[in-house]
Amino acid sequence: MTQASICTIGDEILIGQIVDTNSSHISRALNSLGIKVTRMLSIGDDQNEIISSLTKELQDNEIVITTGGLGPTKDDITKAALGKLSLSQHNKTDEKQLEIIHRILSARGLDVLDINLAQASVPDTCEVIPNRMGTAPVMVFRFPEERFGHKATLYSLPGVPYEAIAALKDVLNDIKSHNEISDIFHKTIMTFGIAESALSKMIEEWENALPEDMHLAYLPNPLTGVRLRLSIYGGIKEEEEARIEAEFAKIKPVLGTYLYSYKDDTLESCIGELMKASGKTLSAAESCTGGTIAALMTSVPGSSEYFLGSVTSYANSVKTSVLGVPEEIIRKYGAVSSECVAAMAEGVRKLTGSDYSVATSGIAGPGGGSEEKPVGLVWIATSSKEGTETYRMNFKGDRKRNIERFAANALNFLRVKLVNELKH
């Protein structure tokens, strides 16, 4: 199987000045092509380090893709390092990239400076894929088998994300034309409501019995739960797809309602499918989540068919005057209570006329907690004509993470209620 390494070059990534998004885009593209990415590496602006690191990557992989370090300023030293690595004797001017440089700078009303023109100058050992979106070309270095023990190719892409992504299509076409590509197949199922460690224990027997060529990954996310991904490298895609489907089918009864989707999905999308299939409608009443549930639900295309609206009842006065929560409930039990959140859910359902509703009231922090009601406490309610249920949960995290967990768990309780009630 063809293997690849992705390397970012530049001190700005190592010091956290910018976030590397290029590697994830490139990795997804390579995987879809049937190429296994073995490593992602960040290298600083040091010529010797660039050369030694890339030498190691080329020894271990047939393909190495770099991004960054190709700007017009003196601190961008990648081109010189690649020249040394490829044993270049001199530079050459790529006329197609030179034309693009003139066109881009002219369109921006900028003077064409010597440092701009220098970007069209590349080592004589490379082939050039013109960069139509910027001034630094994509350089392609092909190394013979005797250099690294196998044929290897290095692609040097610009670091600007929209330029790198735009050039990726041409790079992939070049990779396909020069390499034998085998299939990679990934299949994902989604779970929620169970911790990664508990999930691992629950499916331990199944996981231990997986065929040796299947690789299982646990991918947790506070908003979507634990994603289980099975992968097979090599083989025939149609056959491997059927094998993975058969393996996942074995754990469906084990996972029960923890399993919510047989694809890479979200809770809000799953709820939307249930709503549309049943013709039911939904509303939300939010206090501690501050509109997060509404934002998640309305992020799904077509959600206007079933999501009627929400009330962000952050103040107690809004809970009582808009949602109709009795003042006595708040005086006696407090806003963060089973009684209050139940009244909120029933109030917003009555206010909007929806079939279902979900409500939250909690303490996201960092302040506002007490011994009885600590930071991270949330009460969640789901409501329909079949009845109203409330749930108490406690989390430990910062304000942002708590709010995400409050909202995600509220959606999950709603999902379970929908599955239980709509299947009858």
### Query
Which class fits the ring pair Phe248 and Trp206: parallel under 30°, tilted 30 to 60°, perpendicular over 60°?
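Rings of Phe248 and Trp206: parallel, as their planes differ by under 30°.
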
Would you find a donor on one side and an acceptor on the other, under 3.5 Å apart, between the side chain of [X] and the backbone of [Y]?
| X | Y | answer |
| --- | --- | --- |
| Asp111 | Leu113 | no |
| Asp355 | Thr281 | yes |
| His150 | Gln59 | yes |

N-O pairing of [X] and [Y] below 4.0 Å:
| X | Y | result |
| --- | --- | --- |
| Glu99 | Arg103 | no |
| Lys332 | Glu328 | no |
| Arg349 | Glu346 | no |
| Arg39 | Glu57 | yes |

For [X] and [Y], does a side-chain donor sit closer than 3.5 Å to a side-chain acceptor?
| X | Y | value |
| --- | --- | --- |
| Ser42 | Thr8 | yes |
| Asn412 | Arg415 | yes |
| Thr382 | Glu389 | yes |
| Tyr262 | Glu245 | no |
| Ser383 | Thr388 | yes |

Give a yes or no on this: more than 12 heavy atoms of other residues, nucleotides or ligands lie within 6.0 Å of atom [atom1] of [X].
| X | atom1 | result |
| --- | --- | --- |
| Tyr391 | OH | yes |
| Lys373 | NZ | yes |
| Lys276 | NZ | yes |

Exercise. Scan residues 203-225 for pairs that pass salt bridge (Lys or Arg N to Asp or Glu O under 4.0 Å), counting only residues two or more places apart or in two chains.
Key: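 Every salt bridge (Lys or Arg N to Asp or Glu O under 4.0 Å) pair that includes a residue of residues 203-225, provided the two are not neighbours, is Lys201-Glu204, Asp213-Arg243.
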
According to the salt bridge (Lys or Arg N to Asp or Glu O under 4.0 Å) rule, which pairs have a member within residues 252-273, sequence neighbours left out?
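Applying salt bridge (Lys or Arg N to Asp or Glu O under 4.0 Å) to every pair that reaches into residues 252-273, excluding sequence neighbours, yields Arg227-Asp264, Lys263-Glu273.
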
Any pair counted as side chain to side chain donor-acceptor pair (under 3.5 Å), so long as it reaches residues 288-304, sequence neighbours left out: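 Sorted pair list: Glu286-Thr289, Thr289-Thr360.
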
On a heavy-atom basis, the closest approach of Asn402 and Phe395 is OD1-CB, 3.6 Å

Closest heavy-atom pair, Ile35 versus Gln3, reported as atoms and distance to 0.1 Å, is CG2-C, 4.2 Å

Exercise. Applying ring pair (Phe, Tyr, Trp, His ring centres under 6.0 Å), name anything that partners His215, two or more places apart in sequence or on another chain.
Key: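 With neighbours one apart ignored, the set is Tyr233.
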
- Message: Suppose we screen for side-chain hydrogen bond (donor to acceptor under 3.5 Å, both in side chains). Which residues come up paired with Arg401, at least two apart in sequence or across chains?
- Response: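 Expected list: none.
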
By side-chain hydrogen bond (donor to acceptor under 3.5 Å, both in side chains), Ser370 pairs with (sequence neighbours left out) none

